[in-house]
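Here's the structure we're looking at; comments come further down.
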Amino acid sequence: MTVRSFSCRFARKRRVHGMLKLYYGLNEEGKTVDQAESMDPCDINGPHFDPEVYLNKLRRECSLGELMDQETCMVKQIRSLDSDMQTLVYENYNKFISATDTIRKMKNDFKKMEDEMDCLSTNMASITDFSARISGTLQDQHAQITKLSGVHTLLRKLQFLFELPARLNKCLELQAYAQAVSSHRRARCVLQQYSHMPSFRGIQDDCHAIMDKLAQELRQKFRDGGSSAKDLSECVELLLQLDEPAEELCDKFLSHAQSRLEADLLGLEAETDILEFIDRGCNEFVSSLCLVIASYQELFVNRPQEGELASKNIPQMAIGKLHAFVDALATRYFSLVERRIQEEKSVGDNSLLVRALDRFHRRLQAVAKLLPGSAVPSQGTEIVVRAARERIKQYLAALQSFYLNSLTDVRQALAAPRLATGKDAPASLPELLSTLSASILNQIKSVLASVHLFTAKDITFSNKPYFKGEFCSHGVRESLVVNFIKFVCQSSRQFCESAGDRGGSTPPALLLLLSRLCLDYETSTITYILTLTDEQFLVQHHSPVTAVTALCGEAREAAQKLLNHYVKVQGLIISQMLRKSVETRDWVNTIEPRNVRAVMKRVVEDTTSIDVQVGLLYEEGVRKAHSSDSSKRTFSVYSSSRQQTRYAPSYTPSAPMDTNLLSNIHKLFSERVEIFSPVEFNKVSVLTGIIKISLKTFLECVRLRTFGRYGLQQIQVDCHYLQMYLWRFVSDENLVHFLLDEIVGSTAHRCLDPAPMEQSVIEVICERG
Amino acid sequence: MYQLYLVLQARALTSQTAESDAIRFLVGTQSLKFDNQIHIIDFDDENNIISKSVLQHQAGEIWHISASPADKAVLTTCYNKSEAPALSLSQLGASVFPAQVVSSESRVVTCGAVWRMPPEWESGSHESPDDPHNSHNPQNLELLCHLDNSSHGNASCVLWEPMGDGKHVISLADNHALLWDLTESSTQATISSSATLEGKGQLKFTAGKWSPHHNCTQLATANDTAIRGWDLRTMSQIYCIENAHGQLVRDLDFNPNKQYYLASCGDDCKVKFWDVRNINEPVKTLEEHSHWVWSVRFNHSHDQLVLTGSSDSRVILSNMVSISSEPFGHLVDDDDLSDGEDNHQDEKTKEPLQDSIISTYEEHEDSVYAVEWSSADPWLFASLSYDGRLVINRVPRALKYHILL
C-alpha cells in the first residue's frame with residue numbers, strides 16, 4: 001500500500017513540476033539531454049524512475065530490516081515534501097490576489113484624470129483669450145516708455161559732456177590723470193562727431209585745453225623722472241593714449257635713462273681696486289642698465305596692443321632704439337673696463353682679476369637674458385678673452401724678467417766672492433745652478449697656478465670655447481710655457497753672440513752654468529714642465545703645437561753653443577797670455593833659460609782652475625787609454641827620440657828636404673787637428689778644446705817670430721813644462737805631444753842658431769820650477 | 001789639383017799681376033838658414049804641367065811679395081834682415097846691403113825693396129818639376145831701390161797702385177803708411193806723403209789694401225781688431241771699423257766690382273763682408289774655418305767667388321752671390337736662350353742663387369797663409385801652406401758654366 005501511495009504521490013508531483021516548468025518556459029528535452037546518465041529507472045530523483053522496477057530491486061536486494069528503514073525514511077521525506085508544497089501554494093495565492101486588486105484600482109484612477117484634463121484645456125483657452133486682449137490695450141504705453149528711457153540716457157550723456165570740463169579740471173587738481181584720460185577718451189568721439197554744433201565745440205575746445213594742460217603736466221612729470229617706475233609707466237601709458245608719438249617718448253625715456261647711466265659711468269672712473277671697480281660697475285651701471293631695459297620693455301615692447309596703437313608697430317621701433325641705446329652705453333662701459341683692466345699690470349695676485357672678470361662676465365649674462373639679440377654679452381666675453389690673452393703676455397714678460405733678474409743675481413754671486421775671498425767662487429757653482437733652476441721652476445709653477453684660475457670650474461667664462469680650447473693649448477702652452485723656454489734658449493744664445501766679439505764680457509762661469517742649465521732642460525726639465533702644463537690644463541691639441549722634441553733640440557743646441565763659447569772664451573784668455581808672452585819678448589837676444597817662464601805656470605794654474613770649475617758641473621768623460629804613470633815615460637820618448645829625429649837633420653844645411661819630408665810623413669799618420677771644433681758635454685772634452693786653442697795660438701805666434709839660440713831653449717823648457725802638466729787634462733795626450741812638438745819644431749825653424757838644450761837640463765829646470 | 005813642393009817654408013804668394021797670358025805665380029820663401037828664393041811658378045793650362053824657376057833673393061826671408069801691375073819683371077818684397085852673429089855676413093852678399101846699424105846685439109829688421117827679375121830668367125834657370133835639385137846656379141834678382149824706411153820701423157807689406165803705371169807704391173811700416181813715388185826706371189823712390197796711426201800702445205799695421213775704386217785714392221788698413229780707411233789725397237782717415245773682428249784682423253780685400261764692399265778675415269775664424277758706408281754691422285759673415293783665417297781674396301772678374309785660406313790647413317772657395325755685383329746671375333740672355341732651350345733649362349736659370357760653400361780644399365798639411373787668384377785665368381787659383389806646398393786648383397767646371405751661361 002505504501003508503495004502504491006508513494007508512486008501515486010510521485011506521479012502527482014511530477015505533474016506539478018511539469019506545469020511549473022511550462023510556466024517558466026523551460027523545456028523538458030534540454031533537461032533530459034543533461035541528465036542522460038540518470039536514465040536508470042532505479043534513480044528515485046531521475047525522470048525515468050519506475051517504481052515497479054525500484055520496488056522489485058529493493059525487494060530483491062534488501063533485508064527486511066533494511067526495507068523497514070527504507071520505508072520510514074521514505075515516509076518522512078514524503079511528509080516534508082507535502083508541507084513544502086502547501087506553503088508554496090499559500091504564498092503565491094496571496095500575491096495573485098493583491099495584483100488583481102491593484103489593477104482594478106488603476107482602472108478607476110485613469111477615468112478621473114481624463115475628466116480633469118478636459119477641464120484644464122478649457123481654462124487655458126480662456127486665459128489666452130484674456131491675455132491677447134490685455135496686450136492689445138497696453139501697446140501704446142510701452143512705446144512711450146521706451147522712448148522716455150532713451151531720452152533719459154541721452155540726457156545723462158549730455159550731462160556728462162557738459163560736466164566734462166569741470167570734471168577734468170577737478171581730476172587735474174587731484175592729479176587723477178588716469179581718470180581724466182579715460183573720461184576724455186569716452187567723450188572724445190562724440191565731441192568730434194558733433195563738433196559742428198557751437199555748444200559742443202565749446203566743450204570740445206575746453207576739453208582740449210584741459211587735456212593739453214594735462215599732457216603738459218604728464219610730460220613734465222615724465223621729464224622730471226623722479227617718480228617711481230610704476231608712476232613712470234603709468235605716465236607713459238597715458239601719454240600714449242593721448243596720441244603722444246611713441247618714438248618721441250622712447251627717445252625721451254632713453255635720453256633720461258642715459259643721463260643717469262652716464263652719471264654712473266662717471267662715478268666709475270675714480271676707482272682704484274679692480275675688484276671694487278668691477279663691483280661698482282656691476283652694481284651701479286649694469287644693474288641700472290638692466291632696470292632701464294626691463295622697464296623700457298615693460299613700457300614699450302611688451303604692452304598689450306590695442307586699437308590704433310597696434311597699427312603703429314611700436315615694439316619693433318622701440319626694440320631698435322633700445323639696442324642702439326644699450327650698445328652705445330655698453331661700448332662706453334666696455335672701454336672703461338678695458339682701460340681699467342689694462343692698468344692691471346702687477347702680476348702678483350691673479351685671483352683678484354679673475355674674480356673681477358668673472359663678476360663682470362656674470363652680470364652681463366643678465367643683460368643677455370633681458371635682451372636676447374644683443375651683442376653686449378659676446379663683447380663682454382671678448383673683453384674677458386682679451387684680458388686673458390693680455391694676462392698671458394704679462395706673465396710671459398714677468399717670467400722673462402724674473403729669469404733675467406735671476407741671471408743677474410747669479411752674475412753677482414759669481415763676481416762677489418771672487419772679490420771678497422778669491423777662491424770661493426767655483427765652490428758655489430752647483431748650488432747656484434740648483435737654486436737658479438729651482439727658482440725658475442717654482443716661478444713657472446706659480447705662474448701656471450695663477451693662470452689656471454681662468455679655467456676654474458666656478459668661473460662663469462671658463463666653459464666658453466676659448467677657455468676650453470685655445471686658451472689652454474695656444475695661450476698657456478704655446479704663448480706662455482713654450483715661449484718662455486724658447487726665450488731661455490735664445491737669451492742663452494745671445495750671450496754667445498753679443499759677448500763673442502768683445503772677448504768675454506760675460507763671465508765664463510756663467511756660460512758654463514747656463515750651458516749646464518740648458519742641458520738639464522733638454523734631458524728632463526722641458527718634458528716635466530710641458531707634462532705638468534698638459535695635465536693641469538687638459539690641453540687638447542686642436543692646432544699643431546710645438547713638440548717636446550723640438551724644444552729639447554733647441555735647448556741642446558743652446559747648451560752646445562754655450563759650451564763651445566765657453567771653450568772659446570777660456571781658450572782665448574789663455575791664448576792671449578801666450579800670445580803676449582811670445583810677441584813682447586826679444587827672442588833673439590834673450591838670456592839662457594834658468595827657469596820656466598811665469599806665464600807658463602800661470603797657464604797651468606788657469607787650466608787647473610778651469611778643470612775644477614768644469615768638474616763641478618760636468619762629468620769626467622772618457623779618455624783614450626793610457627797608463628796612469630805615463631807622464632814621464634811618454635815624455636822621455638817624445639823628447640829624446642822623436643824630438644831629436646824631428647829636427648835634428650835641419651841643422652845640417654845639406655838636406656833641407658828631409659825636414660819637410662819627415663814632418664809631412666808624420667802628419668800623414670796623425671789626424672788633422674780641428675781647433676775650434678764642437679765639444680762634448682764632459683770635462684775632458686772641454687779641457688781638450690781649451691788646450692787645443694791655446695797651443696795652436698802658441699804655435700802660430702812662434703812662427704811669426706825669429707829666435708836666437710836661447711830663445712829656442714826657453715821655448716823647449718816651456719814646452720816641456722806644459723807637457724808635464726797638461727797631458728792629464730785632455731782626452732788624448734798624443735794631441736798635446738803633437739802640438740808641443742809642432743811648437744818646438746817651428747821654433748827650431750825660426751831660430752838663427754838652432755842649438756837645442758840638453759834634455760836632462762830641461763828636465764832639471766822644469767822640476768826645479 | 002796640381003801641387004808642388006818648394007823645399008823651403010813660405011808665406012808670401014802673389015800672382016804676376018801684369019802678366020795676362022801665362023798663368024804665373026810668384027812665391028817668396030822663408031828660411032833663416034839658406035838663401036831665400038823667389039819661385040816663379042808657371043802652370044801650363046793645356047798640359048796641366050807645373051814648372052818652376054828660381055831666382056835668388058839673398059837679402060833675407062820674405063814675408064810679403066807683390067808684383068807690379070805695369071811691368072812683369074818688377075816686384076816688391078818685404079824681407080827680414082837679421083844681424084845674427086852665427087851667420088857669416090859674406091853669405092848674405094854685403095854689396096846688396098847698405099850699411100845698417102850693427103850693434104853688439106843681433107836684431108831682426110824688416111825692410112821693403114823693389115826688385116827687377118833678370119830678363120833671361122826664363123831661359124836660364126828654368127827647371128822642370130821632375131828635377132828639383134837642379135838649382136845649382138840660380139840667378140839673382142836685381143835690386144832697383146830700397147823703400148828705405150829705417151826711421152819708420154818694420155815694413156809689413158808693400159802695395160802697388162792697382163792698375164796703375166807702376167809708379168806708386170804704399171808701404172806699411174809699423175804705424176806708418178808711406179806713399180812712395182818711383183822714378184821711370186824704378187831705381188829711386190821718394191816718400192811723397194805719409195800717414196801715421198796715433199793712439200795708445202804700440203800700434204802696428206798688420207795688413208792693407210789699396211782700393212781699385214775712386215780713382216785709386218783710398219787705402220784700407222788693418223791694425224789689431226780695427227779696419228781703417230784712408231784718403232790718400234789728404235792722408236787722413238775716412239772711416240774706422242772698430243772691433244771689426246773679435247781678434248786680430250789678418251787680411252783685407254776689396255770687391256773689384258763694387259766700390260764700397262770690403263772683405264776682411266781674422267783670428268776669430270770669421271770672414272766678414274763690409275759695406276764701408278755702413279760700418280756698424282758686417283753685411284755678411286762666414287764662419288766656416290776652424291782656425292784663424294789668414295787670407296781672403298775676391299775673384300778679379302766674378303766677385304761672387306771668394307777664396308779664403310786658414311791655419312786649419314784648409315782653403316775654402318765660397319760663392320757669395322747675394323752680395324756680389326751679379327746677385328741674380330746673368331739675366332740678359334734670358335730671351336735669347338729661351339728660343340733654343342727647353343723650359344726646364346729656363347727654370348733652372350731663374351732659380352735664386354744661394355750663398356754657399358763651393359768647395360773645401362784639404363790638400364794642405366800645414367797652415368795656409370796665402371791664397372791668390374791667377375791674373376790670367378779667372379778660374380784658377382793657388383794656395384800656399386807653411387810647409388812650402390803650393391797647390392793650384394780650378395773652380396769646379398759645373399759652377400764655371402753656371403756662372404758663364
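Numbered from 1 within each chain, the chains take letters A, B, ... in sequence-line order. In what follows, every heavy atom counts, from backbone to side chain, and hydrogens, waters and symmetry copies are set aside.
- No side-chain heavy atom of Glu700(A) sits less than 4.5 Å from a side-chain heavy atom of Asp267(B).
- Separating the CG atom in Leu699(A) from the CG atom in Asp366(B) is a distance of 7.5 Å, to the nearest 0.5 Å.
- Side-chain atoms of Ser367(B) and Lys696(A), non-hydrogen and from C-beta on, do get closer than 4.5 Å to each other.
- With a 6.0 Å radius and a threshold of 12 heavy atoms from other residues, nucleotides or ligands, Gln560(A) has its CD atom above the threshold.
- Cation-pi contact between Arg579(A) and Trp292(B): present, with separation from the ring centre below 6.0 Å and deviation from the ring axis of at most 45°.
- Annotation: side chain of Thr697(A) is not in contact with side chain of Gln247(B) (no heavy-atom distance under 4.5 Å).
- Contact record, Arg703(A) with Tyr369(B): NH1-OH, 3.0 Å, taken as the closest heavy-atom pair.
- Using a 4.5 Å cut-off between heavy atoms, Arg750(A) touches chain B through backbone and side chain atoms alike.
- The structure places CG of Asn80(B) at 5.0 Å from OG1 of Thr706(A), a figure rounded to the nearest 0.5 Å.
- A donor-acceptor pair is defined here as one N or O able to donate and one able to accept, closer than 3.5 Å; no such pair exists between the side chain of Lys33(B) and the backbone of Pro754(A).
- With a 4.5 Å cut-off on non-hydrogen atoms, Glu242(B) does not touch chain A at all.
- Lys692(A) has its side chain out of reach of His291(B): every pair of non-hydrogen atoms, C-beta onward, lies at least 4.5 Å apart.
- Using a 4.5 Å cut-off between heavy atoms, Leu704(A) touches chain B through backbone and side chain atoms alike.
- For Glu592(A), the CD atom sits in a packed shell: over 12 heavy atoms of surrounding residues, nucleotides or ligands are nearer than 6.0 Å.
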